Novice: 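Let me begin by handing over the structure; questions about it come next.
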Amino acid sequence: MQEKYDSKQIEEKWQKIWEENKAFKVTEDKVKKKYYVLEMFPYPSGKIHMGHVRNYSIGDVAARFLSMRGYNVLHPMGWDSFGMPAENAAIQHGTHPAKWTYENISYMKKQLKRLGLSYDWEREIATCTPEYYKWNQWLFLKLQEKGLAYRKQSAVNWCPKCLTVLANEQVEGGLCWRCETQVEQKNLEQWFFKITAYAEELLDYCDKLHGWPEKVLIMQRNWIGKSIGAEVDFKIENSNEAIKVFTTRPDTLFGATFISLAPEHPMVEKLIVKSQESEVKSFIERVKKQSRTARTEALLEKEGVFTGSYCINPLTNKRMPIYIANFVLMEYGTGAVMAVPTHDQRDFEFAKKYNLPMIVVIQPPNWGQISNLSPLQEAYVDDGIMVNSGTFNGMNNRDAMEAIVRHLEEKGIGKKTISYKLRDWGISRQRYWGCPIPMIYCDSCGVVPVPYKDLPVVLPEDVKLTGEGASPLAQSEKFIKVKCPKCGKPARREADTMDTFVDSSWYFLRYASPRENNSPFSKEVVKCWMPVDQYIGGVEHAVLHLLYSRFFTKAIRDLGLTDIDEPFTNLLTQGMVCKEIMKCKEHGYLLPEEVRDKKCIKCGKPVEIGPTEKMSKSKKNTIDPDKIIERYGADTTRVFSLFAAPPEKDLDWSDEGVEGAYRFLNRVWRLVAEMQGAGGRGQGSGETKNPELNYEINRAVKKVTDDLKEFHFNTAIAALMEHINFLYKYEDKNSSQYEEAIEILLVLLSPFAPHICEELWHGIGKKDSILKVDWPSYDEAALKKEEALVVVQINGKLRGRISVPVNIQQAEVEKIALSDSKVSEWLAGKSIKKVVYVQNKILNVVVG
RNA sequence: GCCGAAGUGGUGGAAUGGCAGACACGCUAGCUUGAGGUGCUAGUGGGGCGACCCAUGGGGGUUCGAAUCCCCCCUUCGGCACCA
């Protein structure tokens, strides 16, 4: 064995051997229990970044650990390879998106292999291949048959930079999730997936996903946004029609004094009275020009205009002026709001501005004190007792809610209703590099699905990408022109492609049988592997990919293709990889090489250092994994990224920390190399075990095992460091027991640093791969000590430590403690009031 | 504004009711080395000569005992934000 640890040589050697031996190939197994470990597959953007390294290191340790514990582990990898960057690269440099994508895949795959990740590469998939996206199209057709994919005209989010429509989930604070451009509204005819059909089930199962972080579930629940209320009809004065309103506060109905409509409400036209016409129309024009973001900005001043029409409050029979208000959204509820200024802050502000009547209908418990405050300073939105509400007076408002709804139902003018914030998922994208939507438009037959036998609808290669105009596919005559499958007359293909989130909504199923070519996946094989036992990825997909995948899983189940309700049993959302930023007042963000002695090398001005932020190219605080692997090796890179912080927390990059991880592996190397150098290893027979070393071996096994089960990688590595520190100091290095301790060290460390452990494993004479070794078990008896260190407290303060035989009676411990000179000093002249003893741990003497 | 998470040495973090600071980084001293680096040994929360005292964002509480549980406040980060 070499004296010096040469990470590069070792890592290349073992990666080659593992590949040749197909060490990570996995097939279905009837005997072993399955375990499916999955990390979110990457978009092939060019190179992997530290976030990937962290994500995949976590997954790899989990996969290797479970595999050594006897599970049959499915651990696949692939590429989310449709998407805009490929198309943008094509526009800028003229490279075809396919070429760009496949080159990136090839480079990134090499990078992943250099990390020594235990993927079964025979299961690799790429969503941009016709073999994959054929099944996207197939699933689309199935959903369309079931009415879960449909086409409609509606206002949609348009990103002017990406030149495409975005789903609601892909707009973050009014900005495009990808490029942070202000999103605009456009009225377009688009394809939608009916995710709202699953709103209730998606919400319901949030309570059953015990293996998910509560944070993610809360975000999903909020996104679905269920609220229970009522729909109420407000009859329009001098008309037979009524305005339907959704309210979560039917208890305040007696206090409703006017109605607010969204500017887009379909009845607006009919309600405008001649005298108000010009004013109303100019208001609507003005509001429609505002972006949706501006309109949903909570700080925006509430504005409106009177239509001139009235409706009638069904309970009070009072006239209610009908207003159009800028803050009412057509997409939510019915696009019409019954305004109760006394018990809703928005209505309150609106009513004050336009001098509209206010009637208090819920009395706060402390009414006596605040009744003097009239006129009201703000709306009272909490619970109380009903007043000014006819026969409902005196009831508590919670009970009144139900009573009033019942009353409305009896009169046939209202009903209990549930409303959701979740909208259907718009999936049409006006871009080239995506999965074509398999639909045909025929002047005679209308919208016609592409027959299953004609799948896949292949992306044409001859499209010129300019970044201008509408869907690039529309420009390809060859693609667009098609015969109608029904009547044979000339027809046009759909020119939009699917949102790439469609591709990633079921890829985890494809891994089970990646080469299946009669269906998206083999039903039987999927049954063996699904659901994913452990899913790992960034929290940024909390309501994007993770919600879409849940929806797809349920829809696929209802197509009869599986019987799985939820795709991911356990979810780990890892934190971001951060590093401090460096900034020069004149030159902005600086790379480390642009800073010398804390000064900018361009202008010599002092550089501001910190705070730490998520690594990003624009902030110039990234670290290239290639460079770290080149210098320290994959094992060090992996160990550092797992040791520096618990997986769900943000990780602060530290060059010194990497050095520390490297030092640790070097210590492991030297320790084993020295054992070899010493030549003699113990005979093993007839030796008596050293109790301290025996304890240490079992302690390490237990600690690392327990920590790995909980994904506490940082403390597991710390335990291994303690183990090696112990072995460095241990004197009898020629015993077979010491050799056992070394073997245990290598086995326990191997999921984290597989290459060095494999090399050393063979170095100490083992013939089989360390991958095949069973995870060690520990001897509970060895962890029982004969003596226990009992801490003696007096009034809760530490006053002494005594060593006692384990499990002796409290009285005995007290006797020993009280005879301890230090303890007795503290007790002199005091009377003992109480003694608390926790076995083998602590003795607390309470004195007066 | 609402919801959530977090706040512990110079730093990353450990301890989820029982010895606060495991492990690592950094720093200090010594040894090794021609030197630098590496490696090894020892030390390292603050205060005090000391016995000891003080310390887990701040304040209160529960408990024999609180970083940990409860209440109030402060700060930071994340998510949602006119959703009727």
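A, B, ... follow the sequence lines: proteins, then strands. Residue 1 opens every chain. Keep in mind it's a predicted model, so treat the numbers as computed, not measured.
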Novice: NA contact type, A:Lys841, heavy-atom cut-off 4.0 Å: base, sugar-phosphate, or nothing?
Specialist: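 Contact class for A:Lys841: sugar-phosphate only.
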Novice: Can you check the distance between B:U41 and B:G45, where both ends of the measurement are the C1' atom (answer in whole Å)?
Specialist: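 After rounding to an integer number of Å, I get 23 Å for this pair.
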Novice: In this structure, how many angstroms lie between the P atom of B:C80 and the CD atom of A:Glu169, rounded?
Specialist: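 These atoms are roughly 11 Å apart.
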Novice: With a 3.5 angstrom cut-off on both distances, give the Watson-Crick or G-U wobble partner of B:G17, or none if there isn't one.
Specialist: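 Across any shown strand, B:G17 pairs with none.
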Novice: Please pick, from B:A22, B:G13, B:C54, the nucleotide with the shortest atom-to-atom distance to any side-chain atom of A:Glu722.
Specialist: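 Out of B:A22, B:G13, B:C54, the nucleotide with an atom closest to A:Glu722's side chain is B:A22.
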Novice: Regarding A:Arg346 and the six-membered ring of A:Phe327, is the cationic atom NZ or CZ under 6.0 Å from the ring centre and inside 45° of its axis?
Specialist: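 No, A:Arg346 and A:Phe327 do not form such a contact.
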Novice: Looking at A:Lys797, does any N or O in its side chain come under 4.0 Å of the phosphate oxygens OP1/OP2 on B:A55?
Specialist: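 Result: no.
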Novice: Using a heavy-atom cut-off of 4.0 Å across all strands, would you classify A:Arg667 as base, sugar-phosphate, or nothing?
Specialist: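 Since only primed, P, OP1 and OP2 atoms lie under 4.0 Å of A:Arg667, the category is sugar-phosphate.
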Novice: Give me the distance, rounded to whole Å, that separates B:G39 from B:G46 when you measure between the C1' atoms they each carry.
Specialist: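 It comes out at 32 Å once rounded to the nearest Å.
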Novice: Is the phosphate of B:A84 approached by A:Ser227 (side-chain N or O, under 4.0 Å from OP1 or OP2)?
Specialist: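 Result: yes.
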Novice: Please state the C1' separation for the pair B:A6 and B:G12 - nearest whole angstrom.
Specialist: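 Rounded to whole Å, the distance is 15 Å.
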Novice: Just to confirm, is there a sub-4.0 Å distance from OP1 or OP2 of B:G26 to any side-chain nitrogen or oxygen of A:Arg663?
Specialist: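 Looking at the OP1 and OP2 atoms of B:G26, one of them is under 4.0 Å from a side-chain N or O of A:Arg663.
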Novice: Pick one: which of A:Phe283, A:Phe258, A:Tyr323 meets ring-ring contact (aromatic ring centres under 6.0 Å, His included) with A:Phe306?
Specialist: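 Of the listed residues A:Phe283, A:Phe258, A:Tyr323, the ring-ring contact (aromatic ring centres under 6.0 Å, His included) partner of A:Phe306 is A:Tyr323.
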Novice: Taking pairing as Watson-Crick or G-U wobble with both contacts under 3.5 Å, can you name the mate of B:C83, or confirm there isn't one?
Specialist: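 None - no nucleotide pairs with B:C83, as no candidate has both distances under 3.5 Å.
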Novice: What does B:U68 pair with, Watson-Crick or G-U, if both distances are under 3.5 Å?
Specialist: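 With both distances under 3.5 Å required, B:U68 matches none.
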Novice: Could you please name the option among B:G12, B:A22, B:C64 that lies closest to any side-chain atom of A:Thr715?
Specialist: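 Nearest to the side chain of A:Thr715 among the choices is B:A22.
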Novice: So for A:Lys302 and B:C82, does any side-chain atom that can act as donor or acceptor lie under 3.5 Å from a complementary atom in the base?
Specialist: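 A donor-acceptor contact between them is present.
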Novice: Taking only the side-chain nitrogens and oxygens of A:Arg799, find out if one of them lies under 4.0 Å from OP1 or OP2 of B:C53.
Specialist: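 So the side-chain polar atoms of A:Arg799 do come within 4.0 Å of the phosphate oxygens OP1 or OP2 of B:C53, strictly under.
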Novice: Which part of the nucleic acid, if any, lies within reach of A:Asp347 when heavy atoms closer than 4.0 Å are counted: base, sugar-phosphate only, or nothing?
Specialist: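 Touches nothing.
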Novice: Looking only at atom P, what distance separates B:A15 and B:A29, rounded to whole Å?
Specialist: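 One P to the other, the span is 33 Å.
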Novice: Determine, for A:Tyr695 and A:Lys785, whether the Lys NZ or Arg CZ falls below 6.0 Å from the six-membered ring centre while staying within 45 degrees of the axis.
Specialist: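 The answer is yes; both the distance and angle limits are met.
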Novice: Checking salt bridge (Lys or Arg N to Asp or Glu O under 4.0 Å) for the pair A:Glu303/A:Arg286: CA distance, chi angles, key distance, verdict?
Specialist: CA-CA 11 Å; A:Glu303 282 187 288; A:Arg286 195 154 54 83; 3.7 Å; yes
Novice: Identify the nucleotide, in any strand shown, that forms a Watson-Crick or G-U wobble pair with B:U62, with both distances under 3.5 Å; if there is none, say none.
Specialist: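 The base-pairing partner of B:U62, which may sit in any strand shown, does not exist here.
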Novice: For A:Leu789, which contact category applies under a 4.0 Å heavy-atom criterion: base, sugar-phosphate, or nothing?
Specialist: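 A:Leu789: base contact, heavy atoms under 4.0 Å.
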Novice: With a 3.5 Å limit on both atom pairs, tell me what B:C25 is paired to, counting Watson-Crick and G-U wobble, or say none.
Specialist: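 Across all strands, the one nucleotide that pairs with B:C25 is B:G10.
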Novice: Counting only side-chain N and O atoms of A:Asn714, is one of them less than 4.0 Å from OP1 or OP2 of B:A14?
Specialist: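 Indeed, a polar side-chain atom of A:Asn714 lies that close.
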Novice: Assign A:Phe643 to base, sugar-phosphate, or nothing according to its heavy-atom contacts below 4.0 angstrom with the strands shown.
Specialist: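 If one applies the 4.0 Å heavy-atom cut-off, A:Phe643 turns out to touch a base.
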Novice: Give none if B:G4 has no partner; otherwise give the nucleotide forming a Watson-Crick or G-U wobble pair with it, both distances under 3.5 Å.
Specialist: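 Here B:G4 is engaged in a pair, and the nucleotide opposite it is B:C77.
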Novice: Are A:Phe752 and A:Phe643 close enough that their ring centres sit under 6.0 Å apart?
Specialist: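 Aromatic pair excluded; centres sit 6.0 Å or further apart.
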Novice: Using OP1 and OP2 only, check whether a side-chain N or O of A:Arg423 sits under 4.0 Å from B:C83.
Specialist: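 The answer is no; no side-chain N or O of A:Arg423 sits under 4.0 Å from OP1 or OP2.
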Novice: So what does A:Val791 hit on the nucleic acid, given a heavy-atom distance under 4.0 Å: a base, only sugar-phosphate, or nothing?
Specialist: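 The answer is base, as A:Val791 lies within the cut-off (heavy atoms under 4.0 Å) of a base atom.
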Novice: Within the 4.0 Å heavy-atom criterion, would you say A:Gly333 contacts the bases, only the backbone, or no part of the nucleic acid?
Specialist: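 No contact.
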Novice: Find the partner of B:G30: check Watson-Crick (N1-N3 plus N6-O4 or O6-N4) and G-U wobble (N1-O2, O6-N3) distances, both under 3.5 Å, and reply none if neither fits.
Specialist: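 Paired with B:C40.
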Novice: Under the ring pair (Phe, Tyr, Trp, His ring centres under 6.0 Å) test, which residues partner A:Trp223, sequence neighbours left out?
Specialist: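 So A:Trp223 forms no ring pair (Phe, Tyr, Trp, His ring centres under 6.0 Å) with any residue.
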Novice: Taking any strand in view, what nucleotide pairs with B:A51 in a Watson-Crick or G-U wobble way, both distances under 3.5 Å?
Specialist: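 With both distances under 3.5 Å required, B:A51 matches none.
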Novice: Rounding to the closest angstrom, what is the interatomic distance between B:G26 and B:C49 at atom C1'?
Specialist: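 The same atom, C1', in both gives a distance of 30 Å.
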